[in-house]
Each structure stands twice: as C-alpha cells, then as structure tokens.
Amino acid sequence: MLQLQVIKQDPNLIKERLAVKHFTATGLVDEIVSLDEERKKLQLESDNTLAKVNSASKEIGMLMAKGQKDDAEKRKLEVAGLKTALQPIADQLAATEKQLQDKLVLLPNLPSAKVPPGKTPADNVVVREGGTIPVLPEGSVPHWDLIKKYDIVDFETGAKITGSGFPLYKGKGAKLQRALVQYFLDFNTAAGYTEYLPPLMVNEASAYGTGQLPDKEGQMYYMPADNFYMIPTSEVPVTNIYRDTMLKEAELPIKMTAFSPCFRREAGSFGADVRGLNRVHQFDKVEIVQLTRPDKSEETHDAMVAHVEQLLQTLELPYRILALCGGDMSFASALTYDFEVYSAAQQKWLEVSSVSNFEAYQTNRMKIRFKDSDGKTKLVHSLNGSSWPCQGSWLVCWRIIRQPMASGCRRYYILILEGQKLIK
RNA sequence: GGAGAGGUGCCUGAGUGGCCGAAAGGGCCGGUUUGCUAAACCGUUGUACGAGCUUAAACUUGUACCGAGGGUUCGAAUCCCUCCCUCUCCGCCA
C-alpha cells in the first residue's frame, strides 16, 4: 500500500497520478488525510491519559511500600476514573485506525512516469521486438492438437483426476517440462539469483503481504481446515521471505529465483482463451524477484527486462516487449513490461512474462526495510518477473516438433544431464 | 492427536507483579591508546506512532511493543485463557 507520509505530503499529486491508472475514487485520498488527522488527535488524548495512569500507578506502588494505604486507595479511585474516561477514546482510536487502514489498502500503487497513457490493452506501447515470426507449413495446427498427436499432455485424464484445467504431462512432455525448469533456473542463478524452492501453500499474512489479499481472494485456492492458500505464483512465498525484516544496506540488492507450480482458480475465464495450455488452473513457473535500494529500482527493472529478453533470445522465439498503459496495469504495480511471444499456429501474441516494479508498495505492507548510510530507515523496493510460464514452454515445444531443429529436443535432455547452458 | 519443556533486544542469556525497554556477556558502531593488526579501556547501540523545538536535522518528551490475541490488576515480560511456532517422548502414518 502507499505510504501515509507520501499521501499527506501532496494529496493532489496522488490524485493526479492515480488518474493515469483510471482510478477515480479520489475522494478516498481526502478521507485518508482527514482520518489521519482524527487519528492523531485521538492518539494524543489517549497517550496523555495513559501517561497519567502510569504515573499514578507508580505513586500507588510507592505509597503501598510506605504503608500509606488510604492515600493509595484514593489514587486507585482516581485511576479508575481516568480509565473510564479513556475507554471511549481508546475505542474510537482503534476504530479510526482500522478505517484508515481499510481505506489505505483500497488505493492502488502510483504509476511511474514511464507508464504510457491509455485505458485498454490496445493502448499498450511496443518497446522492442525481436526474433522472426516463422512461416508455418500448410496444415499446421495449434499446440493443443500437437500435444494430442504426440501424446505428451493429457487434458482428459487430468480432468478425470482433478478437474478441467489440470494438465497431466506425460513421457517426453513431462521430461521437457523438467528440462525447461532446470534450464531457466540455471540461467537465473548464473546471473546471480539465489535459488529457492518455496512452500506451495501460504498463510494469510503472506497472502496479504504481496497484496493477493484482500484483492484476489476469490482467485486463490483456499484450504479452510488450516487457513492456507495455494500459491498463485512463487512471488508470494519468495517475497515474504523478508517480511518484517530490517536489512543491512550491504545486503542489497537481494536477487531470488524460484520454481513452483502455480494454482489459480481463474474464476470467470471462458472461451478461446482457456484452450489448451493458454490458461489452466495449475501451471509451472520460474520466477525472479529482487529487493533493491529505492534509488536503484528503475535500473533494476531495466536489467530484469533485459535478463528475460536474453532468455527468450536463447530460445529463438519471436517476441515483443510492451509497456503496459495506465489502465491495463495491475493494482500493485508502478511499472509493468509484458513479454509476448507470437504463436504462428494460434496467430496471435501470447503473454509469456511480465516484469514489474512495485517500488515500496509491497514492502510497505510487508515492512521490508533497510538502514541507509545516513542512518535513516527506508523501505526497499520490490520487483518481480516471470522468467517462464507454461505457454512459453509449449511454444518452444511447437518449435521442437515442427521445425527442422528437431534435435532441439535432445538438446534439452542434455541440459538435464549437464545442467549447463543451452547448447547450440 | 496426546504428554512435557520452551519462545525475551543483532546473538547468548537473566528476569515470577511496581525501581524493567529490560541484568550480564558477546557482537556492531564511535572514541582513546597504538609502527600495523590484535588486545585493553571508555562510550553508544531497537521499532512504531505522537507532542515540543526546528527551514530541516539533532535534541527533549509521551505512548505502545519481551511469539500473536484476549483477560485479571491501581500496575504485567512476570498471573490466567486461546492460538501459533520450536524441542523431547508417545500415538498415527497414503
């Protein structure tokens, strides 16, 4: 969430910036400012009363020690009076704090200055393109048909075991999946990211920390018996590693990568978008996360975009990078670049990765801070990006099967054995 | 799931109702001493939200925080309740 300090500094600027995201409830900002004023007044009142209670209690202790029981009893009555008077103030203070908090979490992150204006995906701006769009031979079919033909992903059996949207990888399909995970993780660790294998369920505090709660509650699988959520991305457990932590400046930047299956209910999705592996309830993903100094997050974002771009280049996929416009960005993001790969068979661009800078929005919730060289405590910035969602792998799969570089398949198996770079 | 022992500051660890935001040791940082290093000695060393002063910082000051949340009490790290976590033993175990 946004820092209260920042909002108070220039409420009008906040309103202007939020307008870029087409966030219209700017009355919220005013409410927050006045709730905070209210909170301060109540706190002052409450603190002053408590101070009186504390000093009276100390006196009572001393009077008791001296044996002056009657005086002590008198003071006790006084304290009782103070506490009665305090009760409504304390209640009001707690209510005001809660209201303030509830309003604060409703404000999305401010878009960075780099965010292009616009409302819909059509307004996103292409930043760069790379690779060559292949010309498919006559009679080419999309991946969901190829998968069937080669019997490497079995949706029907997945649906039988669990339900629709839970693919069952089989034989070479399973092996390719494993090989790609290895390849992407190795690619990331070679760039200095520390590898993690996180828990696949998280508690409420973690889901709240990265902003999935309360925003995305209905989109996560929930285990009521233990109050756990299945992770929708490893960003959640990985970013939460440092929740409530005071970092040393020298520890920054922190670069983490993790593979995990991801679970999403995708409630409300339907139609062509959900065909094949385009959108499923369980998919595998390798994620990169960085925690940086605030003044470094912009260049870190560029570096992470370049990193994912290189990865796509090694796969020789036709890609483009989009700067998401204000209206298409996610709630918590300040700047998002999407990667799309062109599927010649589906004849459309498919999102394969998304690299976002959250600035202090997530870390403010999670209280991930560091001491700067001037001794000031500051929030770090958090960024993350997917370096591989399932779609990407199956576009690769398409290449392996359709293109003459059929040896590529073997190439990935070599990767499993050697754990090394992509061999050309 | 049952029984027991625990959870205190950066770390170890003391603290069973007031003088405890918290002993002691270690670490860290600053200083003195010193060819250098080490050692020794002195000092400092939490977070959050307020108030005062201030351009600001520094500083002074209030409140809260000893796993989390409630309760008892004039007063809680300390007593009671619930929950979470760690360790030991027993049970269960696809």
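- Within the model, atoms NZ of A:Lys40 and CD of A:Glu38 stand 12.5 Å from one another, a figure rounded to the nearest 0.5 Å.
- Nucleotide B:C19 forms a pair with no other nucleotide shown, judged by Watson-Crick or G-U wobble geometry with both contacts under 3.5 Å.
- A 3.5 Å limit on both hydrogen-bonding distances identifies no Watson-Crick or G-U partner for B:U73.
- With values rounded to the nearest 0.5 angstrom, A:Leu247 atom CG is found 14.5 Å from A:Lys378 atom NZ.
- Nucleotides B:U8 and B:A3 have their P atoms positioned 24 Å apart, rounded to a whole Å.
- A 3.5 Å limit on both hydrogen-bonding distances identifies B:A3 as the Watson-Crick or G-U partner of B:U88.
- The distance from atom NZ of A:Lys66 to atom P of B:G18 is 18 Å, rounded to the nearest whole Å.
- Atom C1' of B:G26 sits at a distance of 13 Å from the matching atom of B:G9, rounded to the whole Å.
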- Query: Does the side chain to side chain donor-acceptor pair (under 3.5 Å) test come out yes or no for A:Tyr229 and A:Glu217, once each step is laid out?
  - Reply: CA-CA 9 Å; A:Tyr229 293 87; A:Glu217 171 134 40; 3.2 Å; yes
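- One atom, NZ of A:Lys40, and another, P of B:G62, lie 20 Å apart when rounded to the nearest Å.
- Looking at heavy-atom distances under 4.0 Å, A:Lys371 makes contact with sugar-phosphate atoms alone, never a base.
- As a whole-Å value, the separation of A:Asp244 CG from B:C65 P is 17 Å.
- The heavy-atom pair separating A:Asn240 from A:Arg243 by the smallest distance is OD1-NE, 2.7 Å.
- Under the Watson-Crick or G-U wobble criterion, with both distances below 3.5 Å, B:C59 is paired with B:G52.
- Atom NZ in A:Lys76 sits about 15 Å away from atom P in B:G18, given to the nearest Å.
- Heavy atoms of A:Leu50 sit under 4.0 angstrom from primed sugar atoms or phosphate atoms, though from no base atom.
- If you check every strand for non-hydrogen atoms under 4.0 Å, A:Asn48 touches nothing.
- Under the Watson-Crick or G-U wobble criterion, with both distances below 3.5 Å, B:C10 is paired with B:G26.
- In this structure, CZ of A:Arg39 is placed 10 Å from C1' of B:A48, rounded to the nearest angstrom.
- When the P atom is used for both B:U12 and B:G67, the distance is 14 Å, rounded to whole Å.
- Nearest nucleotide to the A:Gln43 side chain, out of B:G75, B:U47, B:G62: B:G62.
- If you take atom P in B:G70 and the same atom in B:U88, they sit 32 Å apart, rounded to whole Å.
- Using a 4.0 Å heavy-atom cutoff across all strands shown, A:Ala51 reaches sugar-phosphate atoms only and no base atom.
- Taking atom C1' in both B:A64 and B:G21, one finds a spacing of 11 Å when rounded to whole Å.
- Phosphate proximity of B:G75 to A:Arg75: absent, as no side-chain N or O sits under 4.0 Å from OP1 or OP2.
- The shortest non-hydrogen separation linking A:Thr245 to A:Tyr242 is OG1-O, 2.9 Å.
- Per the geometry, CG belonging to A:Asn203 stands 15 Å off P belonging to B:A68, to the nearest Å.
- Taking the P atoms as reference points, B:C80 lies 16 Å from B:G18, given to the whole Å.
- The same atom, C1', is picked in B:C84 and in B:A22; the two are 25 Å apart, to the nearest Å.
- For the pair A:Thr377 and A:Phe228, both in contact range of RNA chain B, the more 5′-proximal nearest nucleotide belongs to A:Thr377.
- For the C1' atoms, the distance linking B:A94 with B:C11 amounts to 42 Å, nearest Å.
- Residue A:Met62 is classed as having no contact, given no heavy-atom separation below 4.0 Å to the nucleic acid.
- The listed nucleotides are B:G50, B:G75, B:C74; the one nearest the side chain of A:Met64 is B:C74.
- Here the OG atom belonging to A:Ser46 is positioned 5.5 Å from the CG atom belonging to A:Leu93, to the nearest 0.5 angstrom.
- For A:Lys248 and B:G46, the NZ to C1' distance is 13 Å, given to the nearest whole Å.
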- Test side chain to side chain donor-acceptor pair (under 3.5 Å) on A:Gln290 and A:Tyr193 and set out the steps. CA-CA 9 Å; A:Gln290 286 210 39; A:Tyr193 290 86; 3.0 Å; yes
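- Within the shown strands, nothing qualifies as a pairing partner of B:U44 under the Watson-Crick or G-U definition with both distances less than 3.5 Å.
- Nearest-nucleotide assignment on RNA chain B puts the 5′-proximal partner with A:Arg369, out of A:Ser55 and A:Arg369.
- As a whole-Å value, the separation of A:Asn54 CG from B:G18 C1' is 11 Å.
- If you check B:U37 for Watson-Crick or wobble pairing at under 3.5 angstrom, you find it has no partner at all.
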